[in-house]
Chemist: 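Sharing a structure with you now.
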Amino acid sequence: MLMMLPEVQVSDIARWEGQEVTLKGWLYHLRKKGRLVFLLVRDGSGTIQAVVFKKEVAPEVFDLAQSLSQESAIIVRGIVRRDERAPIGYEISVQTVVLVHAATDYPITPKEHGTGFLMDHRHLWLRSAKQQAVLRIRSRMMRACQAFFDDRGFLRLDTPILTPAACEGTTTLFETPYFGETAYLSQSGQLYNEATAMAFGKVYCFGPTFRAEKSKTRRHLTEFWMIEPEMAYADLDDTMDLAEDFLVYLAAQALEHCQQELRTLDRDLSKLEAIQKPFPRITYAEAVELLHSQGHDFEFGSDFGAPDENAISSQFHRPVMIHRWPADCKAFYMKRAPDEPNIVLGVDVIAPDGYGEIIGGGQREDDYGTLEARIEEHKLPRESFEWYLDLRRYGSVPHAGFGLGLERLVTWMAGIHHLRETIPFPRLMDRLQP
RNA sequence: UCCCCUGUAGCUCAGUCGGUAGAGCGAGUGGCUGUUAACCACUGGGUCGGCGGUUCAAGUCCGUCCGGGGGAGCCA
């Protein structure tokens with residue numbers, strides 16, 4: 001008989017007001033009050049309080065309800081009732097409870113826990129309200145990322161994860177044996193994107209990226225997701241325009257679709273509402289001047305560290321675009337400025353409030369001879385880049401693009417402190433488990 | 001790789017001057033008809049990270065190894 005009732009989800013419980021329903025889920029929390037038991041039931045779509053009155057149910061049902069342990073799998077049958085006191089506005093008046101599986105000694109209690117403990121129990125931590133909110137935002141942002149580019153005529157063409165050589169030479173790569181050769185896990189899809197862009201015009205890839213750098217900060221994962229658009233017949237300004245539209249769109253999507261989640265996380269919505277065009281665009285030289293004018297000690301020509309980035313971004317309430325960088329601090333494929341040979345047409349987008357670099361990109365070198373010289377300068381294995389040089393042999397055009405780090409985006413949108421919570425199973429320098 | 005902090009009950013922590021360990025929460029039992037991290041009472045729960053050293057005596061002091069957290073550099 002139980003199965004004859006409509007099976008409902010907490011997320012659309014309002015539709016079922018006054019009706020008798022079945023809800024399948026897990027016990028998030030339980031509070032007893034004599035002849036009354038409150039079951040907080042989590043079904044993956046949300047959490048609702050189910051109320052069990054002793055006089056309204058069979059004695060064995062009340063005994064069961066009273067003795068349920070945290071995270072036990074249960075099926076609840078009852079009537080959906082509107083209630084002012086409920087956080088989501090509705091409750092279920094329970095008629096029957098079925099125990100599917102009894103959990104014993106669930107390690108994550110409603111009290112405080114340290115990060116190390118929670119990370120060791122990441123597979124269970126995912127069930128907590130805050131983690132659910134963050135990961136729902138992640139899912140929405142992934143969807144929005146794809147929609148944005150799909151709607152603008154970009155073709156999603158994913159690039160390989162197993163690659164024969166370093167894309168950017170400088171960064172450390174993960175190695176893996178490959179039938180007698182060595183393969184490397186991709187640190188960027190960009191070089192391959194340039195090939196598909198020359199074939200399809202506007203493309204993007206979206207997938208995991210690997211960096212074997214020993215970075216131990218709240219902004220680094222060894223495995224993270226990156227979305228990288230690339231456009232043929234485009235320059236630095238086109239890329240900055242695109243990045244700007246993109247971030248404005250993403251913030252709007254978060255505000256439109258993640259209200260509940262952002263509220264769970266106590267996110268200051270005005271911070272997201274402030275992400276509007278135009279973003280300030282300053283050159284590297286202007287950024288250095290800004291640092292100097294604030295009394296910061298900074299040597300022209302080096303890259304900005306986290307404190308420098310924060311000092312710059314704190315001057316603006318919107319993401320700030322820093323463009324035209326010294327060639328020495330950027331990758332070999334960056335296009336040189338026609339007027340200044342030591343400057344490259346790259347751009348970094350720094351998010352406000354210390355969330356740091358969220359986008360990096362720019363225009364690519366499209367001249368065969370110049371690129372060839374750069375490959376030599378950087379002591380890169382020429383053979384591995386022959387195919388890349390081919391793109392400059394056959395119909396080379398100005399082209400540009402960028403990469404956005406998904407986890408950094410979600411950290412920023414959700415307003416949380418550490419990006420390890422924005423991916424279901426984070427891979428960090430010192431953590432491979434679970 | 002470097003710098004700082006830390007390791008005591010299932011969890012979060014306290015533990016003074018070196019004298020064999022405590023609290024809150026969780027768990028168990030009982031009570032309570034509106035709780036929101038409920039509350040009240042009782043009960044059980046410890047290789048004080050490992051190894052070595054100093055000492056009559058080490059959670060406490062010293063050495064070393066291991067684990068955890070935070071930060072830097074580099075990057076998205």
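So you know, we letter chains A, B, ... as the sequences are listed, proteins then strands, and number each from 1. Every heavy atom of this structure was used, including side-chain atoms; hydrogens, water molecules and symmetry mates were not.
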Chemist: Starting at CG of A:L40 and ending at P of B:A37, how long is that distance when rounded to a whole Å?
Modeler: 9 Å

Chemist: Whole Å only: how far is the CE atom of A:M429 from the P atom of B:G70?
Modeler: 13 Å

Chemist: Could you state the CZ-P distance from A:R219 to B:A76, rounded to the nearest angstrom?
Modeler: 12 Å

Chemist: Within the pair A:H29 and B:A38, is there a side-chain N or O less than 4.0 Å away from OP1 or OP2?
Modeler: yes

Chemist: Rounded to whole angstrom, note down the P distance from B:C39 over to B:C56.
Modeler: 50 Å

Chemist: Using the six-membered ring wherever Trp is involved, compare the ring planes of A:Y192 and A:W387 and label them parallel, tilted or perpendicular (cut-offs 30° and 60°).
Modeler: parallel

Chemist: Mark yes or no for a side-chain to base donor-acceptor pair under 3.5 Å between A:E84 and B:G34, with no hydrogen or angle criteria applied.
Modeler: no

Chemist: How close or far is atom P of B:C75 from atom CG of A:D308, stated in whole angstroms?
Modeler: 13 Å

Chemist: Fit a plane to each ring of A:F402 and A:F149, take the angle between them on a 0 to 90° scale, and name the class: parallel (under 30°), tilted (30 to 60°) or perpendicular (over 60°).
Modeler: tilted

Chemist: Would A:F224 count as stacked on B:A76 if the rule is ring centres under 5.5 Å and plane angle under 30°?
Modeler: yes

Chemist: Rounded to the nearest angstrom, tell me the gap between atom CG in A:L404 and atom C1' in B:C75.
Modeler: 14 Å

Chemist: Give me the distance, rounded to whole Å, that separates B:G63 from B:C2 when you measure between the C1' atoms they each carry.
Modeler: 22 Å

Chemist: Could you tell me whether the phosphate oxygens of B:A72, OP1 or OP2, come under 4.0 Å of any side-chain nitrogen or oxygen in A:R218?
Modeler: no

Chemist: Need to verify one output field. Residue with the more 5' nearest nucleotide on RNA chain B, A:W225 or A:T109?
Modeler: A:T109

Chemist: Any idea which of B:G34, B:A76, B:G69 is nearest the A:L221 side chain?
Modeler: B:A76

Chemist: Between B:C74 atom C1' and A:L173 atom CG, what is the distance in whole Å?
Modeler: 13 Å

Chemist: Taking the same atom, P, in B:G22 and in B:G30, what whole-Å distance lies between them?
Modeler: 28 Å

Chemist: So which nucleotide from B:G70, B:G34, B:A76 ends up closest to the side chain of A:H418?
Modeler: B:G70

Chemist: Pick the P atom in B:G53 and in B:G46, then give their distance to the nearest Å.
Modeler: 27 Å

Chemist: Look at A:K33 and B:C32 and indicate whether a side-chain polar atom (N or O) is within less than 4.0 Å of OP1 or OP2.
Modeler: no

Chemist: How close do A:R138 and A:V410 get, heavy atom to heavy atom, and via which atoms?
Modeler: CA-CG2, 3.8 Å

Chemist: Using atom P in both nucleotides, what's the gap between B:U64 and B:C3 to the nearest angstrom?
Modeler: 14 Å

Chemist: Would you say A:R31 reaches B:U35's phosphate, i.e. side-chain N/O to OP1/OP2 under 4.0 Å?
Modeler: no

Chemist: B:C74, B:C11, B:C75: which one has an atom nearest the side-chain heavy atoms of A:E213?
Modeler: B:C74

Chemist: Does B:C32 pair with anything, Watson-Crick or G-U wobble, both distances under 3.5 Å, and if so, with which nucleotide?
Modeler: none

Chemist: I need the CG-P distance between A:D430 and B:G69, as an integer number of Å.
Modeler: 7 Å

Chemist: Does any N or O donor sit under 3.5 Å from an N or O acceptor when you compare the side chain of A:H113 with the base of B:C11?
Modeler: no

Chemist: Could you tell me whether the phosphate oxygens of B:G69, OP1 or OP2, come under 4.0 Å of any side-chain nitrogen or oxygen in A:R431?
Modeler: yes

Chemist: Could you measure between the two P atoms, the one in B:G68 and the one in B:C75, and give it in whole Å?
Modeler: 27 Å

Chemist: Classify the side-chain pair A:S93/A:E56 by whether it contains a donor and acceptor separated by less than 3.5 Å.
Modeler: no

Chemist: Give the C-alpha distance, both sets of side-chain angles, the deciding distance and a yes or no for salt bridge (Lys or Arg N to Asp or Glu O under 4.0 Å) between A:R374 and A:E365.
Modeler: CA-CA 9 Å; A:R374 298 281 170 260; A:E365 185 53 69; 5.3 Å; no

Chemist: Return the orientation label for the A:H121 and A:F117 ring planes: parallel under 30°, perpendicular over 60°, tilted otherwise.
Modeler: tilted

